[in-house]
Protein chains: 2
Amino acid sequence: MPESERRTEIMEAVERLLARGGVGAVTMRAVATEAGVSLRLVQYYGRTKDDLLSSTLDRLADRSIARWRARTAHQESGRSALDEVRAFLDEALPTDEESTGFHRVGVSLEALAITHPDTAGRAYRRHLDALADHLADTLRSGTSLDAAPLDATPLDAASARLLALEVMGLAHGLGTLLMAGRLDRQEAGAVTSDYLQRLRPRLSP
Amino acid sequence: MPESERRTEIMEAVERLLARGGVGAVTMRAVATEAGVSLRLVQYYGRTKDDLLSSTLDRLADRSIARWRARTAHQESGRSALDEVRAFLDEALPTDEESTGFHRVGVSLEALAITHPDTAGRAYRRHLDALADHLADTLRSGTSLDAAPLDATPLDAASARLLALEVMGLAHGLGTLLMAGRLDRQEAGAVTSDYLQRLRPRLSP
DNA sequence: CAAATTTTGATACATCCGTATCAGGAAAGG
DNA sequence: CCTTTCCTGATACGGATGTATCAAAATTTG
């Protein structure tokens, strides 16, 4: 197996461990077992544990952005900015097993970003930056494609950025409440529905 | 020094370590050093590390609730629900050193809640529950005390609960963005200001 | 086939961790 | 004073972890 594939496999093992048991579950030996390779090989790639971890997180940030970008790319145009916000919230909230695991990884990353601002923090910031930029772009192109309603102001760049950050914040926070079991899927739907209703006069007629 | 005070001091040391370096920084020996006592004494109270940690987290949840409750109790009545939301957001966002540390502890708690759902998860849920209940109550009494505006519907219990959860979610998410440095104080103010403006027709004239 | 690359095995070492165990010292309250 | 409560010291054990090292095998590649 070529070197790059092995690297990927090992990083995927790290991600799985992160999703399952948080940072504490990531040890060199656990990674080896999870990836089905020898400890020696885990040392072979990613010389040190910090290297391995920060490489994995960088890759994670890249993939997360690419995933979201791909998800919105094949959509037909003509969706309003409100539709985009709804889609983002639907997509970002941890409702199934996969997105739950992804959110768990996100929490681990967030915690790591605090204790290791230079490595994990960088990856985290890159991730948030790209996500906010892309969401803001989506929001702007959404409104411009709209059949311009009389009372809907097209979003300027600054407003789009602020709204994107607000939506990201709400998604993250609601996700946390969902994960904690403080909110069930239905209530989350009701919250976002209320939120979107209030947002409507701003983004579409 | 009486037993209960010592317990408190040790738990405070645990909190400081959590705020500074996350879960990984909490070791029995580190707690001893931080509290200025011997390792032997840390073992004396809170027999095991899990006990010590979950006691600390329980105490933290209690204090967080009490703190917020006290903060809103001495306020004069007559504040609208919108004022309450504004106050909550102002209070909850990590803008100074103290609230930043508090948020750091919250992230640690969140991460712990995932890996230890029975101990840390319980404390986290208790914390979120009490906060949501109190905020919902505040929102309802806020509107009822308002000079009833024509178009402002008084909040029923279910709506207040949903709005409380939404506001908590937003606060948590924005807090994370602030901590990550993806948002500065000024932008956070702009976001909450926009958000409140959209909320206005719902809560006050 | 030969050579380069990729993978493993079997250990080893220093370090930190949680926990435990002895005995003994300090302080406080009756 | 003296007994009870509170606290420390020194030390140890078993386990897990990150990292390192040596040689050797398997696999791919030219």
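In this text, all values refer to a predicted model and were calculated from it rather than measured experimentally. So you know, we letter chains A, B, ... as the sequences are listed, proteins then strands, and number each from 1.
- dT27(D) atom P lies 11 Å from atom CZ of Arg6(A), rounded to whole Å.
- With sequence neighbours left out, Glu91(B) forms a salt bridge (Lys or Arg N to Asp or Glu O under 4.0 Å) with Arg71(B).
- Rounded to a whole Å, the CD atom of Glu9(A) is 14 Å from the P atom of dT6(C).
- Taking 4.0 Å as the cut-off between side-chain N and carboxylate O, Glu98(A) and Arg67(A) count as a salt-bridged pair.
- Rounded to whole angstrom, the span from the CD atom of Glu5(A) across to the P atom of dT7(C) amounts to 10 Å.
- Residues passing the salt bridge (Lys or Arg N to Asp or Glu O under 4.0 Å) test with Glu15(A) are Arg59(A), Arg63(A), sequence neighbours excluded.
- Listed by first residue number, the stems of DNA chain D with at least three Watson-Crick or G-U pairs below 3.5 Å are C:1-16 with D:15-30, C:18-23 with D:8-13, C:26-28 with D:3-5.
- Distance Gln43(B) CD to dA12(D) C1': 12 Å, rounded to the nearest Å.
- Judged purely by distance below 3.5 Å, without hydrogens or angles, the side chains of Asp156(B) and Ser159(B) pair a donor atom with an acceptor atom.
- Between His172(B) and His172(A), the angle of the ring planes stays under 30°, which puts this pair in the parallel group of the 30/60° scheme.
- No side-chain N or O of Glu9(A) forms a donor-acceptor pair with one of Tyr45(A) less than 3.5 Å apart.
- Using a 4.0 Å cutoff on non-hydrogen atoms, the parts of residues 33-40 of chain A near DNA chain C are Val37(A), Ser38(A), Arg40(A), ordered by number.
- Atom CZ of Arg47(A) and atom P of dT21(D) are 9 Å apart (whole Å).
- Rounded to an integer number of Å, the gap from CG of Leu41(B) to P of dT19(C) is 15 Å.
- For the atom pair Arg7(B) CZ and Leu52(B) CG, the distance stands at 8.0 Å (nearest 0.5 Å).
- A straight line from CD1 of Ile10(B) to P of dC6(D) spans 13 Å, rounded to a whole angstrom.
- In this model, no donor atom of one side chain and acceptor atom of the other lie less than 3.5 Å apart for Asp58(A) and Ser55(A).
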Contacts under 3.5 angstrom, residues 24-38 of chain B side chains, donor-acceptor by atom type, not counting sequence neighbours:
from: Thr27(B); atom 1: OG1; to: Ala30(B); atom 2: N; distance (Å): 3.0
from: Thr33(B); atom 1: OG1; to: Arg29(B); atom 2: O; distance (Å): 3.1
from: Glu34(B); atom 1: OE1; to: Arg20(B); atom 2: NH1; distance (Å): 3.3
from: Glu34(B); atom 1: OE1; to: Arg20(B); atom 2: NH2; distance (Å): 3.2
from: Glu34(B); atom 1: OE2; to: Arg16(B); atom 2: NH1; distance (Å): 2.7
from: Glu34(B); atom 1: OE2; to: Arg20(B); atom 2: NH2; distance (Å): 3.1
from: Ser38(B); atom 1: OG; to: Leu41(B); atom 2: N; distance (Å): 3.3

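- The residues Asp137(A) and Arg140(A) are annotated as not salt-bridged, no charged nitrogen and carboxylate oxygen being separated by less than 4.0 angstrom.
- In this structure, Leu60(A) CG and His127(A) NE2 are separated by 7.0 Å, a value rounded to the nearest 0.5 Å.
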Check the interface with nucleotides 16-18 of chain D: list each N/O to N/O pair with the protein under 3.5 Å, or write none.
from: dG18(D); atom 1: OP1; to: Lys49(A); atom 2: NZ; distance (Å): 2.8
from: dG18(D); atom 1: OP2; to: Met28(A); atom 2: N; distance (Å): 3.1
from: dG18(D); atom 1: N7; to: Arg29(A); atom 2: NH1; distance (Å): 2.9
from: dG18(D); atom 1: O6; to: Arg29(A); atom 2: NH2; distance (Å): 3.2

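- The side chain of Tyr44(B) contributes no N or O atom lying less than 4.0 Å from OP1 or OP2 of dT5(D).
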